[in-house]
Structures are given as structure tokens and as C-alpha cells.
J.: 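Take this structure, written in C-alpha cells, and hold onto it; I'll ask about it next.
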Amino acid sequence: MACPERARIFRDGQGSAVSTIERQELTDQRRKKLRAITELGFEPYPRTYHCTHTIPQVLAEYSLRPAEELERDRPRVRVAGRVMTMRPHGKAGFAHLAGGGQRLQVYVRLDAVGERHFELYKLLDLGDLIGVEGYMFRTRTGELTVHAEQLQFLAKALLPLPEKWHGLTDVETRYRQRYLDLMVNPEVRQIFERRAKLVEAIRQFLNAEGFLEVETPMMQPLAGGAMARPFVTHHNALDMDLYLRVAPELYLKRLIVGGFERVYEINRNFRNEGISTQHNPEFTMLEFYQAYADYEDMMRLSEQLLRHVAQKVLGGLEFDWAGHRISLAKFERLTMREAIVKFWPPEAGRGPTLADLAEPKNVFPWIDVYNSWAAAASGSQTLTLDRGTAPGAAVQALFEVLAERHLIQPIFITEFPLEVSPLSKQKPDDPNFVERFELYIGGMEIANAFSELNDPAEQRDRFEYQQMLREKGDLAAHSIDEDYIRALSYGMPPTGGEGIGIDRLTMLLTDSRSIRDVILFPLLRPQKSAD
RNA sequence: GGGCCGGUAGCUCAAUGGUAGAGCACUGCCCUUUUAAGGCAGGGGUUCUGGGUUCGAGUCCCAGCCGGCUCACCA
């Protein structure tokens, strides 16, 4: 058995001396117990344990069976799990085993398991993994319990579990050591089970609609498809810089050109931007594209998709989020400019009318009006625009500051300004705006979709405008993707495309306030170690 | 990156500038249907780090590290 006697001491991020497995007193005690267990003739790290049931299976099969029936049949089980509680009583004792997100009680008594196995029971620590063979019964208090006849030691917890009553609440430790969080906080496990179910429901829905799931590059020579700063990496053999993708969009549309008329991808995007409760540098995005469709079709599809997911995951269309009751029964629609008019704060005086906003450039005086009010009003943020901000970008900025937090119930915000939408098709009757929408739920942007621009000449103009922004220092602006223009030049059918943020959708359906609560291992600053 | 709040035993938390504590966990003893089991007796601390003020610092000051919230950027 490899147990180095010497301590290797590391320092954690807080600078305090933290030993790894090799030092602490508690660990020493547990290592001694592991030796004692070995001396009893149990393998310290056995290879396998063949269970007849998982813990959830035992509970499902026997929970409804009355005590007399169990007493008569004495059904036998072999189960395994992690010891979560121990209540020894002299020559007998109880323990709860955790497995599959549930707990099952085990009763161990000397006269039933014999000397050697009872010694093992006494040497167990909270957190150890064991197997139990015995028969089902109910205790005096009625709890379904395995009456053990054999114990099998499976693995030792050398480190102590967090406190059994309060659990683990320190947020940093929960994220850094998610395995501990999962062990002791059952609701955390449920969030990730629900997330998996959600993704499964999406696949189910899209597959049934005839969409093909594909995988496109996550390392790209050009980072396109979204306005975001990319991560850069380097391929040694080719001696070339590559970008981690900010979106799969341009590749998926190449597939539409190639004749896959309905495709989707669920995978990670990487954006080198700030971190917040709604942003993790890597996040999961669903994108889907449908040929011979437009953004109106995408709205209809979004509603169907989200309802399907909610039905599968929640069993209904309503859920609570951040103290709001949200219903997916109805999706509202407003144009971006209508939202500005509607959510203009009355205290700020007369706001713009739709006619006032007909021309995007007319938004600037209204931003001044808003700012002079917001500067005086407490709690309202003013809007600062960089010099040379395009009119359309200003419209979007005003929309975000006025309306976003009010958009709790599902609502499609349509008609985005041209300048902030380099890949969307213009509205035929108003070329300053495009056929695009974003779906807001719970004050968060959940989806973004548009009628895909398929005119290669127009696309080149848009890219050139983006290039100009880049040269002016906007690192999130698009680069010109010549091959994408070439693909469009072969002819892309009219296409509707959409992206849905899986993490945010999961936040909604699990009532999570932070994106970190729906990502198993969110990015944190690494802890420093110094030996 | 800015602002606010925080970091004390393995975990959850206390502690007017005056001897660092409790509960759980841990160790020993008792206990054959308990369940936050119980009873008795114990062990465990670089109070995030480094400076400073003070007779004396967990507490006050400065710098740093880490985290949370929030703003900015973004989805």
C-alpha cells in the first residue's frame, strides 16, 4: 500500500497551509483504519462488486411493500453506495448508503454478519464506499432497510465529508470541488440531471422534425458567426494560429449550401469576454438551421421546441424563476422600437413615439433625454456610447438599458438594426432593419435568430463594414470570411437560423440565478500552489 | 477592469482591541430497530498572506491573494 509517511504541503489560494492527502490528522486516522480493514482480510481497493440492484431500484421495488410481506419473503439484494450516516449501537448499527442520488438504510448486527464483518462496520468512516448483501425489511419506525448479512469494503474516503446537516455552502469550494457538492447537496445533482434531460428533449424534438445533428470545427482559422472576442491558440505542426469558435454559425450554413437542409449542433462556444452570473467563457449553444424558412418560421419552431422541452423536463409549461411565475403558454412579440416606446420610464418625461424612431439616427436625442433623467434618478444607469457609435447600435443599446429587465414572460423582440446584424437579411420595406429576433425570458436573452442573409454581394458589404469597425478597434467585430462568401456564391436557399443558449435555458428550468450553478465546472481563477 | 461585501478547526458558524469558542465531523469507553440516535471523556487553530499602529490585533490601518454580488463588455 502506498502511503508515504512524509507530508507534501501545498498552499491554497488563501495562502494557508493545506496538506493534500498526505498530512492531516483526520487523514492519518483514516489511513490507519484502511490498514486495519486490510488486516481483517478485506481488499483495500477491490476491482468490482456485482449488485443486484441500484439504490433507486431497491427503493422503487420495495418502498410500497408492507413490513409483513417483506418479513415473509425476505427478498435478497446486493447494493453498493457511499456511507453517508452511521449510528452505531454497541453490537449493532445503522448506516445510510447514497447512490444514484438516493439513500438506503442498512442495518448491521453482529449476530447477523459475524465478527469479521462487524469489525469492518466499526472501522467505516463517513464517505467510505461499501457493498452490502442481505434481505429487505422494515424497522420499527417503518423505514425500508437492508438487513445485512455480508459487507464488502469497496473504497476508503481518506478525506472527511462536509458537515452532514448544513452541507457544503461555501460557493468557491462547491465549484472547485464539484464532486463534494454533488455528494452532499442532492439538489445540485438534480440540476444536472435536469440539464441532461433538457438536452435530450431538444435532440428528440429536432430529430423528429427532420434535423440532422452535426459537428463542426471548434478550432477555426477565423472566428466568425457572432460578435465576440475569441480565444487564440496555436497549432504547432501547421505553425498556425487558430481561434476557439465563438459560434458554429458559418459552418452550419455551409452545410445548408451543401444540401443538408435541416441541421443542428449542440456544443461549446468560447468567448473571451467578461464573466458574470450570465456569462461563462465556455458555454453550450444549440444552433439550428432550416432551409426554405425565415425568421417567422423560426419563431413558431422556437415556441414548439421550448414547449416540448418544458413538457418533457417539467411536465408542464409553467415554472418559477427568481420569484416570477413564468408561463410558456404564450409568447408575446414586440419590435425593438416598440419595446423602447413601451418601456420608456414615465418619470423621464415624454418618450419617443414609433414615428420618432423611424430613422435610427433619430435615437440620439432620445438617448440624451434618457441620460439627463437617469443621471439625476438614483438607481438608473446612464448610457454611454463610444464616439462614432452607429445609429443602429445606439437603438439596440437604448433598448437593452430600458427594456431587457422587464422581459420576464416569453417575448420575441423583432426587427433589429442593420448595423448590429451582419448576417441577417434586411426587411424588404425598411433596409435599416433586419428580419431578426431575440427571445427573452426571465430578463435574459435565451435565443437569437434571423432570416439568414444569402446574397453574397450584400454579405461582402456587411463584412467590409465589420472590418472597418475592427480597424477602429472593435475586437468583437467580424473578420471577412472569404470562403463563406464563396459558399454563398454557389447559392444558399432562403434559410432561417437560430441559436439557443443551453446554459441559460437550464437556469430558467432549474430556478438557478447563476450560470455557474448549471455548469459542472465553471471557470475559476486557478488556485496557486507552492511547495 | 470599477464599486460593495466577505475569508476564523475538516464542515457550518461565534468571539467590545485583552487567555480563539460552539455544533457537526474526529478519538476512547458504554449501548442489538436508530435516523440531526444517545451518554461520558478527549484531541484538533500560521484566525487568507505580508507589512504597520498598539503594552497587547481575529478585531484597527496599508498592500496583496482568493471568492461572492454588482457595474462595464457580451449570449
Side-chain angles (χ1 to χ4, degrees), chain A residues 9 11-19 24-30 32-33 67 84-96 103 105-113 118 125-127 137-143 145 147 157-176 180 184 226-229 246-247 269-285 287 381-384 386 397 400-401 404 438-440 444-448 474-476 499-505 507 513-516 524-528 530:
Chain A
I9 299 177
R11 293 195 164 259
D12 69 9
Q14 302 159 9
S16 58
V18 164
S19 61
Q24 309 263 295
E25 181 195 344
L26 293 174
T27 312
D28 285 343
Q29 287 168 359
R30 288 174 178 233
K32 273 192 199 124
K33 288 191 186 178
M84 301 306 288
T85 63
M86 296 255 288
R87 291 175 298 280
H89 292 263
K91 294 183 179 60
F94 291 92
H96 271 111
R103 291 186 180 194
Q105 182 167 263
V106 173
Y107 180 51
V108 183
R109 43 189 291 171
L110 175 60
D111 54 15
V113 299
F118 197 72
D125 283 301
L126 298 187
F137 81 112
R138 282 186 188 281
T139 61
R140 223 169 260 165
T141 55
E143 180 164 349
T145 302
H147 199 295
L158 292 173
L159 293 171
L161 251 39
E163 210 250 7
K164 70 177 175 187
W165 189 243
H166 298 94
L168 179 67
T169 60
D170 179 76
V171 178
E172 181 178 359
T173 310
R174 287 188 43 226
Y175 296 149
R176 287 197 194 279
L180 275 185
V184 301
M227 311 243 259
R229 297 180 61 175
V246 296
N269 290 345
F270 307 86
R271 299 191 183 173
N272 207 338
E273 311 274 0
I275 295 177
S276 79
T277 46
Q278 288 181 45
H279 300 86
N280 193 61
E282 55 177 312
F283 64 102
T284 301
M285 180 84 113
E287 285 202 12
Q381 57 185 63
T382 55
L383 193 55
T384 47
D386 295 334
E400 282 173 359
V401 75
E404 214 162 50
E438 284 183 352
L439 171 62
Y440 283 84
M444 291 189 293
E445 183 193 332
I446 298 299
N448 176 24
D474 183 354
L475 296 171
I500 294 182
I502 298 299
D503 312 277
R504 288 186 182 173
L505 188 56
M507 287 169 68
R513 312 295 170 84
S514 170
I515 199 168
R516 290 180 167 187
L524 300 179
R525 210 176 291 266
Q527 289 180 304
K528 288 185 180 157

J.: Rounded off to whole Å, could you give me the CD-to-P distance for the A:E273 and B:rA75 pair?
T.: 7 Å
J.: Does a donor on one side chain sit under 3.5 Å from an acceptor on the other, for A:Q105 and A:Y107?
T.: no
J.: Only counting residues at least two apart or in another chain, list the ones meeting ring-ring contact (aromatic ring centres under 6.0 Å, His included) with A:F270.
T.: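 A:F270: no ring-ring contact (aromatic ring centres under 6.0 Å, His included) contacts found.
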J.: When all nucleic acid strands are considered with a 4.0 Å heavy-atom cut-off, which category describes A:T169: base, sugar-phosphate, or nothing?
T.: sugar-phosphate
J.: Would you measure the distance from the C1' atom in B:rG18 across to the matching atom in B:rG23 and give it in whole Å?
T.: 26 Å
J.: Which part of the nucleic acid, if any, lies within contact of A:N272, taking any heavy atom under 4.0 Å across all strands shown: a base, the sugar-phosphate backbone alone, or nothing?
T.: nothing
J.: Does A:S276 have a side-chain nitrogen or oxygen under 4.0 Å from the phosphate oxygens OP1 or OP2 of B:rC73?
T.: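 Looking at the OP1 and OP2 atoms of B:rC73, neither is under 4.0 Å from any side-chain N or O of A:S276.
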J.: What's A:D111 touching, base or sugar-phosphate or nothing? Going by heavy atoms closer than 4.0 Å.
T.: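 Base contact.
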J.: Need one value for A:T173: base, sugar-phosphate or nothing, where a base atom within 4.0 Å counts as base even if backbone is also close, heavy atoms only.
T.: nothing
J.: Starting the side chain at C-beta, find the nucleotide from B:rG67, B:rU34, B:rU32 nearest to A:R109.
T.: B:rU32
J.: Run the numbers on A:Q29 and A:D125 for side chain to side chain contact (heavy atoms under 4.5 Å, CB included), then give the verdict.
T.: CA-CA 10 Å; A:Q29 287 168 359; A:D125 283 301; over 6 Å; no
J.: Of the listed nucleotides (B:rA25, B:rU32, B:rU27), which one gets closest to any side-chain atom of A:D125?
T.: B:rU27
J.: Find the distance A:E163:CD to B:rC26:P and express it as a whole number of Å.
T.: 11 Å
J.: For the side chain of A:R140 and the base of B:rU33, is some donor closer than 3.5 Å to an acceptor across the two?
T.: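 Side chain to base: no pair present.
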J.: Closest nucleotide of RNA chain B for A:H96 versus for A:L168: which of these residues is on the 5' side?
T.: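 By nearest-heavy-atom nucleotide position, the 5'-most residue is A:L168.
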J.: Grab the CZ-C1' distance between A:R103 and B:rU34 for me, whole Å please.
T.: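 After rounding, the gap between these two atoms is 15 Å.
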J.: How far apart are the closest heavy atoms of A:A157 and A:L126, and which atoms are they?
T.: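 So the minimum-distance heavy-atom pair works out to CB-O, 4.0 Å.
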J.: B:rU27 and B:rU46: how far apart are their C1' atoms, nearest whole angstrom?
T.: 24 Å
J.: Say you pick atom P in B:rU12 and the same atom in B:rA20; how far apart are they, in whole Å?
T.: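 Approximately 24 Å lies between the P atom of B:rU12 and that of B:rA20.
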J.: Using only side-chain N and O atoms of A:R176, determine if any of them is under 4.0 Å from OP1 or OP2 of B:rC66.
T.: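 Looking at the OP1 and OP2 atoms of B:rC66, neither is under 4.0 Å from any side-chain N or O of A:R176.
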J.: Under 4.0 Å from OP1 or OP2 of B:rU27: is there any side-chain N or O of A:K32 that close?
T.: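 So the side chain of A:K32 is outside the cut-off, no N or O lying under 4.0 Å from OP1 or OP2 of B:rU27.
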J.: Distance check, P atoms only: B:rC40 and B:rC24, in whole angstrom units.
T.: 12 Å
J.: Paired with B:rG6 by Watson-Crick or G-U wobble geometry, both distances under 3.5 Å: which nucleotide is it?
T.: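 Partner of B:rG6: B:rC66.
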J.: Categorize A:G167 for me: base, sugar-phosphate, or nothing, with a 4.0 angstrom heavy-atom threshold over every strand shown.
T.: sugar-phosphate
J.: Keeping A:R271 on the side-chain end and A:V246 on the backbone end, is there a donor-acceptor pair under 3.5 Å?
T.: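 Looks like yes, one N/O pair under 3.5 Å.
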J.: Mind running side chain to side chain contact (heavy atoms under 4.5 Å, CB included) on A:R504 and A:E445 for me, showing each step along the way?
T.: CA-CA 8 Å; A:R504 288 186 182 173; A:E445 183 193 332; 3.8 Å; yes
J.: Say you pick atom P in B:rU19 and the same atom in B:rU59; how far apart are they, in whole Å?
T.: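 One P to the other, the span is 14 Å.
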J.: Quick check: does any side chain N or O of A:N269 sit under 3.5 Å from a backbone N or O of A:F283, one acting as donor and the other as acceptor?
T.: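 No.
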J.: Roughly how many Å is it from CD in A:E404 to P in B:rA72, rounded to a whole number?
T.: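 Taking CD of A:E404 and P of B:rA72, I get 10 Å after rounding.
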J.: Please give, in whole Å, the distance from B:rC71 P to A:E400 CD?
T.: 13 Å
J.: Mind checking A:R229 for me? I need base, sugar-phosphate or nothing, with any heavy atom below 4.0 Å counting as a touch.
T.: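 Answer is nothing: A:R229 stays at 4.0 Å or more from every strand.
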J.: How far does the P atom of B:rG6 sit from the matching atom of B:rG21, given to the nearest Å?
T.: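 Going atom to atom, P in each nucleotide, I get 24 Å.
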J.: For the pair made of CZ in A:F270 and C1' in B:rA75, what is the distance, rounded to whole Å?
T.: 15 Å
J.: Searching all strands shown, indicate the nucleotide that pairs with B:rA25 (Watson-Crick or G-U wobble; both distances under 3.5 Å).
T.: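 Because no pair has both required distances under 3.5 Å, B:rA25 counts as unpaired.
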J.: Which one, B:rU70, B:rU34, B:rC66, comes nearest to the side chain of A:T277?
T.: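 Nearest to the side-chain atoms of A:T277, counting from C-beta on, is B:rU70.
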J.: From CD of A:E25 over to P of B:rG45, roughly how many Å is that when rounded to an integer?
T.: 8 Å
J.: Under 3.5 Å, is there an N or O donor on one side and an acceptor on the other linking the side chain of A:T139 and the base of B:rU34?
T.: yes
J.: Between the base of B:rU33 and the side chain of A:E143, is one N or O donor paired with an acceptor at under 3.5 angstrom?
T.: no
J.: Taking only the P atom of each, what is the distance from B:rG39 to B:rA25 in whole angstrom?
T.: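 It works out to 12 Å between them.
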J.: For A:W165 and B:rG23, is the gap between ring centres under 5.5 Å while the planes differ by less than 30°?
T.: no
J.: Who is the Watson-Crick or G-U wobble partner of B:rG43, with both distances under 3.5 Å?
T.: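 Checking every strand shown, B:rG43 finds no partner, since no pair has both distances under 3.5 Å.
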J.: With rounding to the closest Å, how many angstrom separate the C1' atoms on B:rA72 and B:rG3?
T.: 11 Å
J.: For the side chain of A:E273 and the backbone of A:R229, is there at least one donor-acceptor N/O pair under 3.5 Å apart?
T.: yes
J.: Mapping A:Q105 and A:R30 onto RNA chain B by nearest heavy atom, which one lands closer to the 5' end?
T.: A:R30
J.: What's the closest nucleotide to the A:L126 side chain, out of B:rA25, B:rA75, B:rC11?
T.: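 Given the options B:rA25, B:rA75, B:rC11, the side chain of A:L126 is closest to B:rA25.
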J.: Given 3.5 Å as the limit, does a donor-acceptor pair link the side chain of A:T284 with the main chain of A:I502, or not?
T.: no
J.: Over how many whole Å does the gap from A:H166 atom NE2 to B:rG10 atom P extend?
T.: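 It is 17 Å, rounded to the nearest whole Å.
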J.: If you look at every strand shown and take non-hydrogen atoms under 4.0 Å, does A:G501 touch a base, only sugar-phosphate, or nothing?
T.: nothing
J.: Contact class for A:M227 vs. all strands (heavy atom < 4.0 Å): base, sugar-phosphate, or nothing?
T.: sugar-phosphate
J.: Under 4.0 Å, counting only non-hydrogen atoms across every strand here, what does A:L110 touch: a base, just sugar-phosphate, or nothing?
T.: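 Nothing: the residue A:L110, judged by heavy atoms under 4.0 Å, touches no strand.
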